[in-house]
Amino acid sequence: MSKQLSCEFACNGDRLRLFRIGADRYEKVSYPQRCGIYSEVETRDTIFHFNLNHEIIRAAGKGKSWPHPQEWLKRTVGNDWIYYSTGGYTGVFETTGEFYLPNLPYPTNKFMGGNPFQNPAVEHLMKNWHPLLAELRVRIDSAPAAILDFVDTLLANGPAALSEKAERLARINGGRVSVLPPDTRHVDYNVIPVSVSSGCLHKCRFCRVKNNVPFSTRTSREITDQIEQLRTLYDRDLANQNSIFLGDHDGLQADPDLLVFAIEKAQDVLRLCNSDSASMRGSNIFLFGSVAALLGAPPSLFTALEQLPGNSYINIGLESADQETLDYLGKPQSKNEVMEAFDLMQEINRNYKSIEMTANFVIGDILCQNHYNSLLSLVRDRIPRTTGKGCIYLSPLENKDVSRWRLFDFYRFKRLSRLPLFLYLIQRL
Ligand code: SF4
């Protein structure tokens with residue numbers, strides 16, 4: 001555990017608490033859980049949280065104007081503000097596997113939730129968190145030096161500095177991470193992105209996250225340089241990080257030795273598994289893979305992953321087990337390859353304790369009934385017994401709410417599936 005000197009100051013309704021110790025693991029709980037070490041500034045109207053670099057990471061209003069006492073804004077390392085809502089606690093956990101629904105400020109395959117960014121209190125806090133802290137600085141002018149230093153650093157880490165830092169992260173990675181694997185929900189999407197490759201093999205017609213670059217991998221030298229730069233960028237807040245995302249769209253297609261090299265290097269340099277310096281227990285590796293990459297991966301890769309510290313989550317874009325649908329999507333893979341990949345994933349899930357293979361399938365009003373029938377036949381008939389490992393994620397094709405009928409269908413599938421089944425909300429970093 002990182003040794004930080006906690007300290008506290010309160011004056012006329014303002015309270016500052018430095019280096020509070022939150023939970024040391026991510027858990028699925030129905031109350032807002034704060035993980036790692038963070039500092040808190042509480043004023044009459046607002047609560048702010050800051051990471052170990054004294055950069056804002058969360059904010060929430062107090063009182064009647066704030067939509068819900070258990071809802072909050074989170075600022076990501078990519079400098080997006082995300083609003084976490086309870087969704088009235090109806091159906092959020094069943095559909096996403098999490099108790100709180102991240103509402104994103106950009107177009108995505110949204111399936112539920114309102115538009116909290118139009119709420120005046122939310123909008124006000126997103127726009128004015130920095131001036132509000134500047135006002136606090138004036139009010140607490142007589143505070144001890146350590147507290148004033150802390151507030152001065154928060155103010156120096158204003159919107160322009162945070163935006164510049166997010167751009168620096170994108171430059172280190174060779175571009176912004178446009179989509180995170182759905183499994184990163186297990187760590188509230190808090191992953192350090194390490195690019196091992198760029199682009200993907202297929203450039204499918206339906207895909208909204210693809211880029212134009214042909215698939216290529218980084219060299220071990222480039223990966224090492226990248227990880228060194230990430231160490232500098234994350235700096236003291238590395239103690240709060242325990243997970244990496246091996247980007248971008250088909251990390252599994254990279255050379256297996258290179259993948260293992262990247263993981264070991266990241267775990268070592270970023271000290272992801274060092275219990276003496278970390279505030280979060282355990283470590284995780286997340287990556288995407290294509291059907292071709294999975295079918296071509298040697299068993300030795302999975303053996304190597306199993307021997308590394310932490311858990312590995314590999315998310316495969318199966319999309320459909322119906323040929324007509326695959327053709328419609330412009331996904332150049334056959335239904336037989338999809339089924340072969342699906343079976344291999346189940347085998348890996350059975351045989352490797354620390355590896356979870358998960359799959360994505362698309363859903364949409366426009367898709368034919370055979371697509372849904374073939375999906376049901378995979379998740380129900382091809383699985384001998386109910387298991388908690390090997391999540392299936394359904395991803396709405398359109399950037400609009402899933403129709404009522406499809407949501408009803410989702411719940412029916414969920415009931416019948418022998419694998420955990422959730423909706424996939426596409427989120428960037
Ligand atoms: S679905 Fe996957 S393989 Fe197809 S274009 Fe998108 S990222 Fe590439």
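Being a predicted model, the structure only gives us computed values, none of them experimental.
With salt bridges taken as basic N to acidic carboxylate O contacts below 4.0 Å, none links E356 and K389. Checked for salt-bridge contact, K28 and E98 meet the test: a charged N lies under 4.0 Å from a carboxylate O. Salt-bridge check for R350 with E347: failed, with every basic side-chain N at 4.0 Å or more from each acidic carboxylate O. Salt-bridge formation is not detected for the pair E8/R20: no Lys NZ or Arg NE/NH1/NH2 atom is positioned less than 4.0 Å from an Asp or Glu carboxylate oxygen. Salt bridge status for R412 with D409: present, with a side-chain N to carboxylate O gap under 4.0 Å.
For residues 57-67, the pairs satisfying side chain to side chain donor-acceptor pair (under 3.5 Å) are E42-K62, H49-R58, with sequence neighbours left out.
Residue L238 is tested with L52, I192, N53 for a side-chain contact (heavy atoms from CB on, under 4.5 Å); the sole match is I192. For the salt bridge (Lys or Arg N to Asp or Glu O under 4.0 Å) criterion with D80, the lone passing option out of R176, R75, K74 is R176.
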Anything under 3.5 Å between a donor and an acceptor, one on a side chain of residues 296-311, the other on a protein residue two or more places apart or in another chain? List them.
| from | atom 1 | to | atom 2 | distance (Å) |
| --- | --- | --- | --- | --- |
| T303 | OG1 | P299 | O | 3.2 |
| E306 | OE1 | K353 | N | 3.3 |
| E306 | OE1 | S354 | N | 2.9 |
| E306 | OE1 | S354 | OG | 2.8 |
| E306 | OE2 | K353 | N | 2.8 |

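Ring orientation note: the planes of H54 and F19 are tilted relative to one another, at an angle of 30° to 60°.
Remark: N119 engages no residue in a side chain to side chain donor-acceptor pair (under 3.5 Å) (not counting sequence neighbours). Looking at residues two or more places apart in sequence or on another chain, you find no salt bridge (Lys or Arg N to Asp or Glu O under 4.0 Å) involving D237. A search for side chain to side chain donor-acceptor pair (under 3.5 Å) contacts involving Y26 returns N190, not counting sequence neighbours. Annotation: salt bridge (Lys or Arg N to Asp or Glu O under 4.0 Å) contacts of R168 (sequence neighbours excluded): none.
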